[in-house]
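Here the structure is laid out as structure tokens; the discussion comes afterwards.
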Number of protein chains: 2
Amino acid sequence: MTPQKTFRETIAEGEALFQPSVSLDCVIFGFHENELKVLLVKAKASEHWALPGGFVFKEEDLDDAAIRVLKERTGLNDIFLQQFHVFGSAKRSDWNVHRTNFKKDGIEIGPDHWLLKRFITVGYYALVEFAHVKPTLDTSSDACTWWDLNDIQELFMDHKQILDSALDTLRLQLNHLPIGYNLLPQKFTMPELQKLYETILNKSLDRRNFQRRMTGFGILKRLKETRKGGAHRAPFLYSFDMRKYRKALKQGLYGGW
Amino acid sequence: MTPQKTFRETIAEGEALFQPSVSLDCVIFGFHENELKVLLVKAKASEHWALPGGFVFKEEDLDDAAIRVLKERTGLNDIFLQQFHVFGSAKRSDWNVHRTNFKKDGIEIGPDHWLLKRFITVGYYALVEFAHVKPTLDTSSDACTWWDLNDIQELFMDHKQILDSALDTLRLQLNHLPIGYNLLPQKFTMPELQKLYETILNKSLDRRNFQRRMTGFGILKRLKETRKGGAHRAPFLYSFDMRKYRKALKQGLYGGW
DNA sequence: GTTCATTGCGTCGAACTGACACAATGATAC
DNA sequence: GTATCATTGTGTCAGTTCGACGCAATGAAC
């Protein structure tokens, strides 16, 4: 069973397999070399790169479908994954434009084909540890790789808008959720954590105030080790105190009212 | 065209009219007599009360469908309305249980009828001014009325869960959005605004600190008038400074980082 | 006019925030 | 081996905010 064949199969049998009208797209964030990255796929159906997405099997929970898509693209289970918005504009998909692209691959689909119908898509965003991800092709894609957030100009259909919306959500969540755990390796230094925050917020923070604030949350454990090998003074390594981390995940970092 | 007839028509023609698989439900919050209220409908299809909901026309934007449902139930346009979560469990709907209820109303539907299929529903929550709402029946309901939040025990399908989720979202939004504008009349007193916050958060706040904080946001205008007629000192009336209010809606009340 | 719950305004110490100083560290250059 | 120097750990300090509470003014009820 070649990939091409399963792709054809999916296209042929999709209507029977999937919940109609509904799709999902994942904005998968990673952090590498002090830059925020997004995992994109090059869809066969288009010239453009796209967010990894998929459809929901008829007996499958929506959230499980998102977990499945993530697992298929990254090889990862047990990941921070959250829906953030539904994109339901009537005109958001224009698959008909892409019929010709299918043709180029020798795949003919009729004008009433299920793939050409209107889809309402649920946006999920995921935070993953860059080094653990093995970007994996699926049968409907030519490529699957990390993109630097700053290099992304135009994407398939409304996927750029979905991406921007996910970034907004991430920036908002940064205020009341302990984000670092999902994007950094288990052990990390304070400057690394700060770079992550600076990158997401796109603004520089005071080193000393940042440290005071983060330690103040009480969700970090300072280890005895330091990160040697840098050109200067070796910073301490930290890891998350999982008990307090989970508590903060539920309650939020700020009490609010 | 009697209501009963359009109900039958909708049931008969729905498959051709609506986007399959997708529905939406609205959690409509109001504030009255110092209590948080939710607008519910008594569905013909069930013994239970339900959230006002609907389906998406084939050429209609998802958000427009929510606006339409809200307009139909409340008579209101131009309302604070926001999607907050998608409920996509495969087992969330068990319409088959309710086939018998249709039968009681003399409506027979087959086992493959579109209404019995699986739906993924998008949850919207709305904040409305209680006094402006005219609860309006639709053709699929026996009743439509306000319920006190505390009196709601069990609802249709998973609607109680949807309601609880909306309330969580509202409580979270309270931290960074100027909420009062949508739930209170144009002119209101500080104690009234405080009661609203206390009701939503289910906890009492210090009168003086509340006032300092709210005025500190700079989105309120104190009017020259006072609310006479109360048994004691007449409190000043306030209204929202719309320019600063809209700015706060976009930027959030707290800077965060 | 007295009563009294409620409202407007203010105070005070504790906690937090932003800006910055200074010493310690550790690889690199010489 | 030692000087260099960017980077890190820790601390200070003034300005601001926050939670708790005091007190006088108000206005309907008696």
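Below, all heavy atoms of this structure are taken into account, side chains as well, without hydrogens, waters or symmetry copies. Each chain gets a letter, A, B and so on, in the order the sequences are listed, and its residues count up from 1. Every value quoted in this text rests on a predicted model; they were computed, and no experiment measured them.
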*Atom CZ of B:F236 to atom C1' of D:dT26: distance rounded to whole Å?*
10 Å
*Apply side chain to side chain contact (heavy atoms under 4.5 Å, CB included) to B:F217 and list each qualifying residue two or more places apart in sequence or on a separate chain.*
A:W257, B:R213, B:M214, B:I219, B:L253, B:Y254
*For B:F210 and D:dT17, what is the distance between atoms CZ and C1' respectively, to the nearest whole Å?*
17 Å
*Could you give the CG-to-P distance, from A:D206 to C:dC20, as a whole number of Å?*
9 Å
*asked:* The criterion is salt bridge (Lys or Arg N to Asp or Glu O under 4.0 Å); which residues satisfy it with A:D158, sequence neighbours excluded?
replied: A:R92
*asked:* I'd like to compare against my own output: the B/S/- annotation of nucleotides 11-16 of chain C with a strict under-4.0 Å heavy-atom distance to protein.
replied: B-----
_Holding to salt bridge (Lys or Arg N to Asp or Glu O under 4.0 Å), I want the full list of residues that pass it with B:R208, two or more places apart in sequence or in another chain._
B:D206
*Say whether A:D138 and A:S141, considering side chains only, have a donor N or O and an acceptor N or O under 3.5 Å apart.*
yes
*Side-chain H-bond candidate by donor/acceptor type, B:Q173 with B:Q82, under 3.5 Å*: yes
*Establish, yes or no, whether a centroid distance under 6.0 Å links the rings of B:F31 and B:F130.*
no
*Assign A:G230 to base, sugar-phosphate, or nothing according to its heavy-atom contacts below 4.0 angstrom with the strands shown.*
sugar-phosphate
*Which letters describe nucleotides 2-7 of chain D, given B = protein heavy atom under 4.0 Å from base, S = only from sugar-phosphate, - = neither?*
----BB
*Whole Å only: how far is the CD atom of A:Q194 from the P atom of D:dG9?*
11 Å
_Under 4.0 Å, counting only non-hydrogen atoms across every strand here, what does B:R222 touch: a base, just sugar-phosphate, or nothing?_
sugar-phosphate
*Donor-acceptor pair (no angle test) under 3.5 Å: A:R213 side chain, C:dG18 base*: no
*Using atom types as modelled and distance alone, determine if a side-chain donor or acceptor of B:Q186 lies under 3.5 Å from a backbone N or O of B:S239.*
no
_B:K187: partners by salt bridge (Lys or Arg N to Asp or Glu O under 4.0 Å), with sequence neighbours left out_ = B:E225
